[in-house]
Amino acid sequence: MKIKHADIHPGFFAMIPRDALQSAFFPPGISQNSIWDFFKTRKDRYFASLCAEGSVSASGALYEFLPGSMTFKPVFDLTSVCMVGPRSIPPSKIHTSIDELADGRLIMLTHTTAPAPAHPCWMLDAYYNHTWEGFAGSHILVYDPRTGTVVNRGIPVPRETLYGGIYDEAHDAYYMIGFLRGHVYRYGVANSQLDDLGQAAEWGSFRLARGPDRHIYGSTRTGWLFKIDVDRSRLVDLNFRLPGAPGLKSRRQFAFAATGPDQRLYIAHHCSDRLIALDTKTLKAEDVGSIDPAPRMEKNWPRCVGGMCWDDRGRMWYGLASHVGGGPGFWTHLASWDVTRGKQPEILGLMGTAERATYYVSEMIHSNGRLLAVDTNHGMDAPGIRIIDLAQLDQLRGQPREICRDPFSYAYLEDRLTAAPDTITEAQMAPYVKLLESDDAHGRFMAQNHFTIQAERVEIIPLWRSIDPAESGVRTLAWEDDETIHVSCGKSAARNFK
C-alpha cells in the first residue's frame, strides 16, 4: 500500500527529547544489520546478538553490551563455534532464545534469515534440506560468562531452524519451537535428552514467554494461544485466538509478552493494536484495549507493539511500530500505558535522534529507572542500543521537540522528496529507496519461483488443536471421495477420523 505524508498525523515525526537519550551502535560497514536477542542476567550483565538478515549472507555473533561505557564487547562469532559450509545457508542469528541457567551460564539457539552465498534472497523453505546449499539445523550453545567458554551442544533437530527458546529452571529443561514445522521440543540440560512434544503452530512462531505461574506460553502463527505445562511436559491448547485486523490470517502469533503488576501475562502480537491480558490461574484472556491512542490512520493501521516491559512504577513501556505494506516495523514511537490503573496510553515521540530514528525495537528491558531498547533493521545500517532515562523524560515533557531528519524515515513515503525536510537530499535517501525496491524485487522473484503447491484455495486443519499434539503426527491419508479424506495419526495408537 502506498502512503503519503498527508496520510499520517501532524507531529508524527516529532522526536523524543534528545537529552533523555543515550545511543550506542556497532561500527558502520559491518555485514550484520540487526539485533534479535537482548538479555539481562541476574548479575546485571547485558548480552546482545548481532544478526544478519535480508540479502547479505553472513553469520551472527554474540556481544556483551557495557552500559557504563556504551560499548559492545565481542564474546564469540557463530562461524567459530558452528560448522558453517562455504555454500550453505549460514547461522545468521541468535533469535529470542537467550536464557540463564541456574548456575549462571547462558543457553541459546542459532537461527537463520540470511541467504546462502549463491542465493539471491533468503530461500530457506526451498533449500533447507539441500546437501550443500541448505541449512544443517540450529545449534544449542551454552556460554559461561565467568570463564568466557562456549560449548556447542550440537544440532537437536536436523534441517530445522529453531526460532525461539526458553529455560525452565524447576526441571532444568530448555524448550524450543521450530520455524519450519512448528513443533515444540524439550531439551534436558543435564542429560541432553530431546523430546518432541508435537506440533504447536503451523510455522513461523517464535516467542515463548514465561508466565507468572512459571509455565510457558506461546501461540500459533494464526494466533491461537497455547501453554507448555512444564510439570507434565505437555502442550495445552487454550482455545483463545489473539484478535487481528479483518482478513488477517497469518502473522497473528504473539511477538511480545510481559507479566504486569497484577500478575497477569500481557500479550501483543505482530499485526494488531490490541493488548491481551491472560490470567494464568484461570486461563481466561481479556482484550484490555488498543495500544494506539492516536486517531486511526487508514494507511498505517494497525500499529503494533515492538518491545515491551514494565517499569518499577507499574507502567508498561513499548515501541509503537507502524504497519505499512503488510508487515510491522519502522516509524517506531515510544509509548507508555498505566493500564492496570485505568489510564490511557500515551505516545512520547518518535524514538531515536533526529539524525537516526529507530526503525524497530526487537527487545526492551527496564533497569534502574531506564529503558534499554534495541534499535534494529535500519536498512543495512549497523544496529545498536538506546538507553532512555525515564526521570529525565518526565522532566522534559511539553518541551519543544526536534523533527526527524533521518532519510530512511521518509523513504517509505510516495511523496518523500517534498515531504522530507529541506536538509535531506535525494542522494541521501537513494540507498534506502534502492533497498525498498530490492525487497520488492525479491518478493516478485519468490512469487515467480514457487516452492509450495499452488492452489486456488488452501485450508489449514490444525489437528493439534483437536487431539493431543504429541499424537497429532499424520501417518496415512486416503481419499474416500472428492469431498472426504480419511486421516490416521498418533504415535502410540492410531487415531482415525474424516
Side-chain angles (χ1 to χ4, degrees), residues 36-49 60 62 64 75-76 78 81 91 93-111 137-147 149-157 160-179 183-197 200-201 205-219 226-236 254-259 265 267 280 308-309 362-365 367:
W36 283 101
D37 215 339
F38 185 47
F39 184 81
K40 176 188 174 185
T41 71
R42 292 187 291 267
K43 293 187 177 296
D44 293 337
R45 295 176 67 176
Y46 297 87
F47 291 88
S49 67
L62 185 70
E64 183 173 2
V75 177
F76 61 80
L78 295 181
V81 298
K93 55 175 58 172
I94 296 163
H95 189 291
T96 324
S97 63
I98 302 175
D99 210 345
E100 190 170 9
L101 301 179
D103 60 6
R105 291 177 297 162
L106 302 181
I107 188 168
M108 64 204 75
L109 299 165
T110 63
H111 174 54
S138 294
H139 297 256
I140 297 177
L141 304 177
V142 178
Y143 170 69
D144 191 335
R146 296 163 299 188
T147 64
T149 57
V150 58
V151 175
N152 187 332
R153 292 283 187 100
I155 297 174
V157 188
E160 171 65 290
T161 181
L162 298 169
Y163 205 13
I166 193 167
Y167 178 62
D168 166 33
E169 183 174 344
H171 304 89
D172 195 25
Y174 186 62
Y175 288 89
M176 310 165 285
I177 188 166
F179 176 89
H183 282 234
V184 169
Y185 305 92
R186 180 189 189 276
Y187 175 77
V189 176
N191 59 10
S192 295
Q193 178 178 326
L194 183 73
D195 296 308
D196 183 348
L197 303 191
S205 290
F206 64 90
R207 179 70 66 174
L208 297 176
R210 186 179 297 106
D213 59 349
R214 68 179 177 75
H215 294 291
I216 297 167
Y217 295 85
S219 84
F226 65 82
K227 168 184 173 180
I228 303 174
D229 186 322
V230 298
D231 294 329
R232 299 188 300 153
S233 297
R234 294 178 69 88
L235 295 170
V236 180
F254 87 62
F256 300 96
T259 298
L265 185 65
I267 297 169
T280 59
M308 176 197 289
C309 64
S362 60
E363 298 287 352
M364 184 182 290
I365 297 170
S367 180

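This chain uses plain numbering: 1 for the first residue, then up along the sequence.
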Tell me, with the steps shown, if Arg186 and Val184 meet side-chain contact (heavy atoms from CB on, under 4.5 Å).
CA-CA 7 Å; Arg186 180 189 189 276; Val184 169; over 6 Å; no
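- Residues Arg207 and Phe256 are in side-chain contact: their nearest non-hydrogen atoms beyond the backbone lie under 4.5 Å apart.
- In the model, Tyr217 has no side-chain atom that pairs as donor or acceptor with a side-chain atom of Thr280 under 3.5 Å.
- With rounding to the nearest 0.5 angstrom, the OH atom of Tyr167 is 14.0 Å from the CE atom of Met108.
- Across Thr161 and Ser138, no two heavy atoms sit closer than the pair CA-OG, 3.3 Å.
- Summarising the geometry, atom CE belonging to Met308 is positioned 8.5 Å from atom CD1 belonging to Ile267; distances are rounded to the nearest 0.5 Å.
- Crowding of Arg153 atom CZ: a count of heavy atoms from other residues, nucleotides or ligands under 6.0 Å exceeding 12.
- When all heavy atoms of Ile228 and His215 are compared, the pair lying nearest together is O-CB, 3.6 Å.
- One finds the CD1 atom of Ile94 at 15.0 Å from the CH2 atom of Trp36 (value rounded to the nearest 0.5 Å).
- The two residues Gly137 and Thr110 have their closest heavy-atom pair at O-OG1, 4.4 Å.
- When Asn152, Leu101, Val150 are each tested for a side-chain contact (heavy atoms from CB on, under 4.5 Å) with Val142, only one passes: Leu101.
- Of all heavy-atom pairs spanning Gly104 and Arg42, the tightest one is N-NH2, 3.7 Å.
- In this model, no donor atom of one side chain and acceptor atom of the other lie less than 3.5 Å apart for Tyr187 and Asp195.
- Expressed to the nearest 0.5 Å, how far CG of Leu109 lies from CD1 of Ile177 amounts to 11.5 Å.
- Side chains of Ile107 and Arg105 form no contact here, defined as non-hydrogen atoms less than 4.5 Å apart.
- Separation of atoms CG (Leu235) and NZ (Lys227) is listed at 11.5 Å; rounding is to 0.5 Å.
- Look at Asp231 and Arg214 and you find a salt bridge, because one of the NZ, NE, NH1 or NH2 atoms lies within 4.0 Å of a carboxylate O, short of that distance.
- The side-chain heavy atoms of Val157 and His183, taken from C-beta on, include no pair separated by under 4.5 Å.
- Side chains of Ile140 and Met176 form a contact here, defined as non-hydrogen atoms less than 4.5 Å apart.
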Please step through side chain to side chain donor-acceptor pair (under 3.5 Å) for the pair Thr149 and Tyr143, ending with a clear verdict. CA-CA 6 Å; Thr149 57; Tyr143 170 69; over 6 Å; no
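- Using a 4.5 Å cut-off on side-chain heavy atoms (C-beta onward), Ser233 and Tyr175 make contact.
- What you find for Ala201 and Ser219 is that their closest heavy atoms are CB-O, 4.2 Å.
- Counting heavy atoms from C-beta on, the side chains of Ile98 and Leu62 come closer than 4.5 Å.
- To the nearest 0.5 Å, atoms NE2 (His139) and CD1 (Ile155) are separated by 4.0 Å.
- Between the side chain of Asp37 and the backbone N or O of Ser97 there is at least one donor-acceptor pair closer than 3.5 Å.
- Counting only heavy atoms from C-beta outward, the side chains of Arg210 and Asp168 never approach each other to under 4.5 Å.
- Remark: aromatic rings of Tyr163 and Phe206 are close, center separation under 6.0 Å.
- Taking every heavy atom of both residues into account, Thr259 and Gly211 meet most closely at OG1-C, 4.3 Å.
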